[in-house]
Amino acid sequence: MRKRRYQRSGAFFRGMVVGGLSGSILFHVLTFRTVFERPSKQWKRAEYDCALVCGCPANLNGSPSAVMRTRVERAVRLWREGRVKKLFFTGGRVKNLHIESEIMKDYAVSLGVPKELIVTETESVSTYHNMKKSKKVMEAQGLHNCAVVTNGWHLRKANHYAKKFGLDYVMCAADEPDNAGLIKMFWRYISINLHMYLNFYRGLY
């Protein structure tokens, strides 16, 4: 009799724990999706003033990283298709001494984009700063709207800050690198979403 009572108590306790964890997870998921809205990917006009390309660390030797190349290539494709007038690369020195926007600019030039059609921002060190500083540069350059180019796992974060700083924008996903496996992509989605959610609770950005 006592054994059955312990078993019922144990089952009840496990049910409470599982229910509590499930409720907590659901709460955080709903909060996350409310704060960080679904990226706006519907084009409102046929052509935007520029493709605003989010920064990404270069390789240690100064060559464009695989992720960086996908973003630049997507922006160049938009330019060739006549969907953007200029390319705007953002990003300063992050994780190494190479200025992200300058590496991306050089790569775009190697793909045939004229230098006079490229704008750079060389000081930002995060997505938050990418958008904050780019807003000022766009105003100074007479650029009124943009297609924000970044990878799929980074869209929600970039969208959040583009909206925060009042950009007139549409989100545009770059292709994933050829060597990007499912596990790596899944981890990127999880890690970047967790990082931005923790920053939200810490009152950062």
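- Put simply, OG1 on Thr90 and CE on Met131 are 6.5 Å apart, with the number rounded to the nearest 0.5 Å.
- Between Pro64 and Arg69, the shortest heavy-atom contact is O-NH1, 2.9 Å.
- Side-chain atoms of Asn59 never come within 3.5 Å of backbone atoms of Asn61 as a donor-acceptor pair (strictly under, hydrogens ignored).
- Residue pairs meeting the side-chain hydrogen bond (donor to acceptor under 3.5 Å, both in side chains) criterion with at least one partner in residues 134-150, sequence neighbours excluded, are Arg71-Thr150, Thr150-His154.
- From Ser110, atom OG reaches atom NZ of Lys105 across 13.0 Å, with rounding to the nearest 0.5 Å.
- Within the structure, every pair that satisfies the ring-ring contact (aromatic ring centres under 6.0 Å, His included) test and touches residues 41-68, not counting sequence neighbours, is listed here: Trp43-Tyr48.
- A salt bridge does not link Glu121 with Lys133: none of the charged nitrogens is closer than 4.0 Å to a carboxylate oxygen.
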*Hey, mind stepping through Lys163 and Tyr169 against side chain to side chain contact (heavy atoms under 4.5 Å, CB included) and telling me if it holds?*
CA-CA 8 Å; Lys163 182 177 181 180; Tyr169 70 98; 3.5 Å; yes

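- Smallest separation of non-hydrogen atoms from Thr70 and Ala174: O-CB, 3.5 Å.
- Proximity of Phe89 to Val72: side-chain heavy atoms (C-beta onward) are separated by under 4.5 Å at one or more points.
- Looking at heavy atoms from C-beta onward, Cys172 lies in side-chain contact with Leu78 at the 4.5 angstrom threshold.
- Rounding to the nearest 0.5 angstrom, the gap separating the NZ atom in Lys86 from the CH2 atom in Trp79 is 13.0 Å.
- Both Val149 and Val170 are part of a single hydrophobic cluster, where members link through side-chain heavy atoms under 4.5 Å apart.
- Taking hydrophobic clusters as Ile, Leu, Val, Met, Phe, Trp and Tyr residues chained together by side-chain heavy-atom distances below 4.5 Å, Val84 does not share a cluster with Leu155.
- Not a single donor-acceptor pair under 3.5 Å links the side chain of Asn151 to the backbone N or O of Ala173.
- At a threshold of 4.5 Å between non-hydrogen side-chain atoms, the residues Asp168 and Arg45 count as touching.
- In terms of modelled atom types and a separation under 3.5 Å, the side chain of Thr122 and the main chain of Gly92 share no donor-acceptor contact.
- Inter-residue side-chain proximity for Tyr107 and Met68 is flagged as unmet; no heavy-atom pair is nearer than 4.5 Å.
- Put simply, the side chain of Ser65 gets close to the backbone of Pro57: a donor and an acceptor are under 3.5 Å apart.
- Placement of Phe165 and Leu143 within a single hydrophobic cluster is found when ILVMFWY residues are connected by side-chain heavy-atom separations under 4.5 Å, directly or transitively.
- Contact check for Leu52 versus Leu167: side-chain heavy atoms found under the 4.5 Å cut-off.
- Connection of Met171 to Phe88 is established within a shared hydrophobic cluster, with ILVMFWY side chains joined at heavy-atom distances below 4.5 Å, either directly or through further cluster members.
- Side chains of Val148 and Asn159 form no contact here, defined as non-hydrogen atoms less than 4.5 Å apart.
- Within the 4.5 Å cutoff, the side chain of Leu111 has heavy atoms near those of the Arg80 side chain.
- Here Ile99 contributes atom CD1 and Glu123 contributes atom CD; the two are 9.5 Å apart, rounded to the nearest 0.5 Å.
- Contact record, Ala75 with Ala51: CB-CB, 4.0 Å, taken as the closest heavy-atom pair.
- One hydrophobic cluster, built from ILVMFWY side chains closer than 4.5 Å, cannot hold both Leu117 and Met138; they sit in different ones.
- A donor and an acceptor atom, one from each side chain of Asn130 and Ser124, are located under 3.5 Å apart.
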_Residue pair Asp175, Arg77: steps toward the side chain to side chain contact (heavy atoms under 4.5 Å, CB included) verdict_ = CA-CA 11 Å; Asp175 297 328; Arg77 192 156 70 246; 3.6 Å; yes

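- Side chains of Ile118 and Val113 form a contact here, defined as non-hydrogen atoms less than 4.5 Å apart.
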